[in-house]
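Read the structure below first, then the notes.
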2 protein chains.
Amino acid sequence: MLEGLTGLGVDLAKTASSSDIIYDALRDGIISGQIKAGESLRQEHVAKLFNVSRIPVREALNRLEAQGLVQSLRYKGYVVSLLSPADVEEIYEVRATLEPMVIEKSVAMMTPETLEEARRYCELFSSETDSSKWGEWNRLFHGALYKDAKRPFHLKLIGEAIDRVDSYIRAQLVLTNGMEKARKEHLEILAACVEGDGELAGKRTRKHILGSYKVLRKYLDNQ
Amino acid sequence: MLEGLTGLGVDLAKTASSSDIIYDALRDGIISGQIKAGESLRQEHVAKLFNVSRIPVREALNRLEAQGLVQSLRYKGYVVSLLSPADVEEIYEVRATLEPMVIEKSVAMMTPETLEEARRYCELFSSETDSSKWGEWNRLFHGALYKDAKRPFHLKLIGEAIDRVDSYIRAQLVLTNGMEKARKEHLEILAACVEGDGELAGKRTRKHILGSYKVLRKYLDNQ
DNA sequence: ATAACGTAGATTGTATACAATATTCAATAT
DNA sequence: ATATTGAATATTGTATACAATCTACGTTAT
């Protein structure tokens, strides 16, 4: 009986379609900042890039639009969303609200395995010399600390929020020397989780998010 | 110079495509409860219903999937998302967090026109005898009270949250005699806004949401 | 009778093709 | 010179067509 495997989290029923692959690639490009805000994405161009027709490209762009990462103007193409300063502030506001809630719930149910995983990502983040990978480790660290909350909807919204400002997060780490501060704050958040103090972990997470926003804001203002 | 009109909120650059129309129709059907959770949506079937090919249908379904209203299993079709009791609770949690924040910010900037608009929807909700329209007025009332916050991202997330549980909200109003309570609470929320007391409006909104969840929960448990 | 296998039918995912609409730029008028 | 018009080009949105994959059901073997 192989059906028993279905419950193990292995998604047997779904393999990646072209449209899935293109979606992932474009999303990666946008959130990493390789594809810059304001850049326009022509269906034909993307299609040739991946050696496919425009159909799966359109489907990928549609999904990106539903998530807000690109905007479509009929007969004018898709454009990578450009955030106003107010947009950025608002998204950080949402993060500073939801993420502390989730980590607090998560700490209450946190397993030793999760703590170990978080510690590993924290260490990888701290010791990483390739700055292009900081954003990734940072996200995996926080994600690990949120998962035991078993709040898929919160995580979906947080994920959407982070996607939108991820390129800013990376820029903030790289361009403003945010690493040292982030390293220290990660250790403090992790410590609160080890202690089992969810409320403290939440408070520190909120401070971490708002603090990094302030640094980012100052940097953007001086541009 | 016609370009000046662009800023008036008239979306000159975009008219509705087939895929837009189908998206709206399916979304309406799902959030109103006419298309029930668990029901499967076959591309061919929907296409015939709207006299179009499967292409625009697929694009509409893709967008609904990105929003979480349907789920796709490759080669197995699209299914209207089914919420577990935990999912419903979680979504109400998010609403109870974000909506008070937004109304509080909104009250601080609220115009007399907005108050008038909200009063009108409040009245329409209270006096409506056709129960199938309660959900619509309810949503318009709350939406009016949120709009002056100028928080598009918050509103997007709140909209997604409400979309997912909208059929439950309607059921709660119709099946549990929630109308009387809702009518009273709407007046109280509106009164706080008229007074300019954002914090109070927020507290009442939170209580309104959590209270309606409790009623819904009790109803669902007795099924 | 039960289980494994294989074929027919159904459904999806994508390529190609075409029609509708928008954009561009040269030609004309003011 | 500037503004306006119109045809050529480009781009999008959708229909049709086909290949890949899955499902259902009957056949065969045990």
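Convention: sequence-line order gives letters A, B, ...; per-chain numbering from 1. What you see below is based on every heavy atom in this structure, not just the backbone, and it leaves out hydrogens, waters and symmetry mates.
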Fill in: Side-chain ion pair, Lys150(B) and Glu90(A), N-O less than 4.0 Å
no

Worksheet entry | Lys/Arg-Asp/Glu bridge criterion (N-O < 4.0 Å) met for Lys156(A), Glu160(A) | yes

Side chain of [X], heavy atoms from C-beta onward: which of [options] has the nearest atom to it?
{"X": "Arg58(A)", "options": "dT12(D), dT11(C), dA15(C)", "value": "dT12(D)"}
{"X": "Ser17(B)", "options": "dG13(D), dG13(C), dT16(C)", "value": "dG13(D)"}
{"X": "Ser53(B)", "options": "dT16(D), dT12(C), dT14(C)", "value": "dT16(D)"}

Item to complete: Give, for atom CE of Met109(A) and atom CG of Asp148(A), the distance between the pair rounded to the nearest 0.5 Å.
Response: 7.5 Å

Discussion item. By the 4.0 Å heavy-atom rule, please label Gln43(A) as base, sugar-phosphate, or nothing.
Written reply: sugar-phosphate

Rounded to the Å, how far apart are [X] [atom1] and [N] [atom2]?
{"X": "Asp20(B)", "N": "dA20(C)", "atom1": "CG", "atom2": "C1'", "result": "15 Å"}
{"X": "Phe50(A)", "N": "dA15(C)", "atom1": "CZ", "atom2": "C1'", "result": "17 Å"}
{"X": "Glu44(A)", "N": "dT9(D)", "atom1": "CD", "atom2": "C1'", "result": "14 Å"}
{"X": "Glu59(B)", "N": "dT12(C)", "atom1": "CD", "atom2": "P", "result": "16 Å"}
{"X": "Arg42(B)", "N": "dG9(C)", "atom1": "CZ", "atom2": "P", "result": "18 Å"}
{"X": "Ile55(A)", "N": "dA17(C)", "atom1": "CD1", "atom2": "P", "result": "13 Å"}
{"X": "Tyr78(B)", "N": "dG13(C)", "atom1": "OH", "atom2": "P", "result": "6 Å"}
{"X": "Tyr23(A)", "N": "dT14(C)", "atom1": "OH", "atom2": "P", "result": "16 Å"}

Item to complete: Take Arg54(A) and Ser18(A), find for each the nucleotide of DNA chain C with the closest heavy atom, and name the residue whose nucleotide sits nearer the 5' end.
Response: Ser18(A)

Worksheet item: Just checking, Arg217(A) and Tyr213(A): is the charged tip under 6.0 Å from the six-membered ring centre and within 45° of the axis?
Response: no

